[in-house]
A.B. asks: 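Let me begin by handing over the structure; questions about it come next.
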Amino acid sequence: DTHADHPSTVIGHLCLIFGQQCAVIVRTMSIEAESGTRARTRRAILDAAVTVLSERRTASMSEIADAANVARSTLHRYFADRAELIEALVDNAITRGSAAVQEAALDKGPATDAIRRLALAYFDLGPLMTFLWQELSLDQEDHPFWQKMEAQDEPMTELVERGLADGSFDPAFEAEW
């Protein structure tokens, strides 16, 4: 392997070519590149947090650790406090939401097929998004979560406008959410 063939060099060149879209890919790749055990533990904690917190928003860090089958001290090595865990869930939601929009290929095929693909892609995000939308710390309109979620609306708005224009969506359905 030469330095020019190294994955980080190739990714750097792609980022120069593709710009901002690359940031999501690089962030996703860096999360996936964590060591196997560390990544599995982090994923288990985040998954447990979604499950526990979507059922009971006031659940303690100890309850989340128990649900993740890790010691509370392990959970705190990954996330110092509840606020840090919530921010990791926000980052996870933004990354996964953006990936869902990309995977749904909203600009491909009939609008009805595209919205069906998006709905299917979003089903897995249901508990995570529901929790975040209800989380008290996100009630502020200026929280980055809301701005980042709003940025993901553009392709969906374009899809609805396309469906309205070609008559495949009910005219009562408005493009602006």
Side-chain angles (χ1 to χ4, degrees), residues 11 20-106 114-160 173-177:
I11 290 169
Q20 290 182 321
Q21 290 179 342
C22 187
V24 171
I25 294 166
V26 170
R27 180 169 180 78
T28 302
M29 289 175 73
S30 68
I31 290 169
E32 292 172 357
E34 285 182 292
S35 74
T37 302
R38 182 161 174 77
R40 282 190 301 276
T41 302
R42 185 177 197 281
R43 177 86 262 139
I45 292 168
L46 291 174
D47 289 346
V50 169
T51 300
V52 171
L53 293 171
S54 66
E55 292 173 4
R56 201 163 54 76
R57 283 187 2 210
T58 59
S60 69
M61 294 289 275
S62 292
E63 291 171 285
I64 294 167
D66 289 343
N69 292 316
V70 299
R72 196 175 65 176
S73 60
T74 299
L75 178 122
H76 284 288
R77 276 195 300 273
Y78 285 81
F79 307 103
D81 57 23
R82 180 184 171 91
E84 194 174 308
L85 175 61
I86 300 302
E87 288 306 311
L89 290 173
V90 166
D91 290 344
N92 188 355
I94 297 305
T95 300
R96 290 177 61 199
S98 179
V101 170
Q102 292 294 321
E103 289 170 16
L106 301 181
I115 205 158
R116 190 174 296 114
R117 288 191 304 271
L118 180 63
L120 289 172
Y122 267 157
F123 276 133
D124 289 341
L125 298 176
L128 173 59
M129 293 302 202
T130 300
F131 166 70
L132 290 175
W133 284 325
Q134 294 174 352
E135 175 62 21
L136 294 174
S137 66
L138 299 181
D139 282 341
Q140 306 146 1
E141 288 183 25
D142 61 342
H143 191 283
F145 174 74
W146 299 117
Q147 286 124 18
K148 290 176 183 176
M149 287 304 296
E150 201 171 294
Q152 292 182 12
D153 283 351
E154 185 178 335
M156 291 182 272
T157 301
E158 290 171 1
L159 170 62
V160 173
F173 188 47
E174 296 181 16
E176 291 298 319
W177 304 70

A.B. asks: Could you measure the distance from the CG atom of L120 to the CD1 atom of I115? Nearest 0.5 Å is fine.
C.D. replies: 11.5 Å
A.B. asks: Looking at side-chain heavy atoms only, is the closest gap between F131 and V52 below 4.5 Å?
C.D. replies: no
A.B. asks: At what distance, to the nearest 0.5 angstrom, does CG of L46 lie from OG1 of T51?
C.D. replies: 11.0 Å
A.B. asks: Tell me whether the guanidinium CZ or amine NZ of R42 lies under 6.0 angstrom from the six-membered ring centre of F79 and within 45° of its axis.
C.D. replies: no
A.B. asks: To check you understand the geometry: which heavy-atom pair defines the closest contact between V101 and Y122, and what is its length?
C.D. replies: CG2-OH, 3.6 Å
A.B. asks: Got a second to check how far D66's CG is from R72's CZ, nearest 0.5 Å?
C.D. replies: 9.5 Å
A.B. asks: Do V70 and H76 have side chains that approach each other closer than 4.5 Å (heavy atoms only, starting at C-beta)?
C.D. replies: no
A.B. asks: How many angstroms lie between CG in L85 and CG in L75, if you round to the nearest 0.5 Å?
C.D. replies: 6.5 Å
A.B. asks: So which heavy atom on A114 is nearest to which on A105, and how close?
C.D. replies: CB-O, 4.4 Å
A.B. asks: To the nearest 0.5 Å, tell me how far M129 CE sits from S54 OG.
C.D. replies: 13.5 Å
A.B. asks: Would you sort out whether S60 and E63 count as a side chain to side chain donor-acceptor pair (under 3.5 Å), showing the intermediate values?
C.D. replies: CA-CA 5 Å; S60 69; E63 291 171 285; 3.2 Å; yes
A.B. asks: Are D124 and R96 packed together at the side-chain level, in the sense that at least one heavy-atom pair is separated by less than 4.5 angstrom?
C.D. replies: yes
A.B. asks: Is there a donor in the side chain of R77 and an acceptor in the side chain of T74, or the other way round, less than 3.5 Å apart?
C.D. replies: yes
A.B. asks: Does a sphere of radius 6.0 Å around CD in E84 hold more than 12 heavy atoms from other residues, nucleotides or ligands, not counting ones at 6.0 Å or beyond?
C.D. replies: yes
A.B. asks: Does the side chain to side chain contact (heavy atoms under 4.5 Å, CB included) test come out yes or no for L89 and L53, once each step is laid out?
C.D. replies: CA-CA 11 Å; L89 290 173; L53 293 171; 4.2 Å; yes
A.B. asks: Roughly how far apart are D47 CG and R40 CZ, rounded to 0.5 Å?
C.D. replies: 13.5 Å
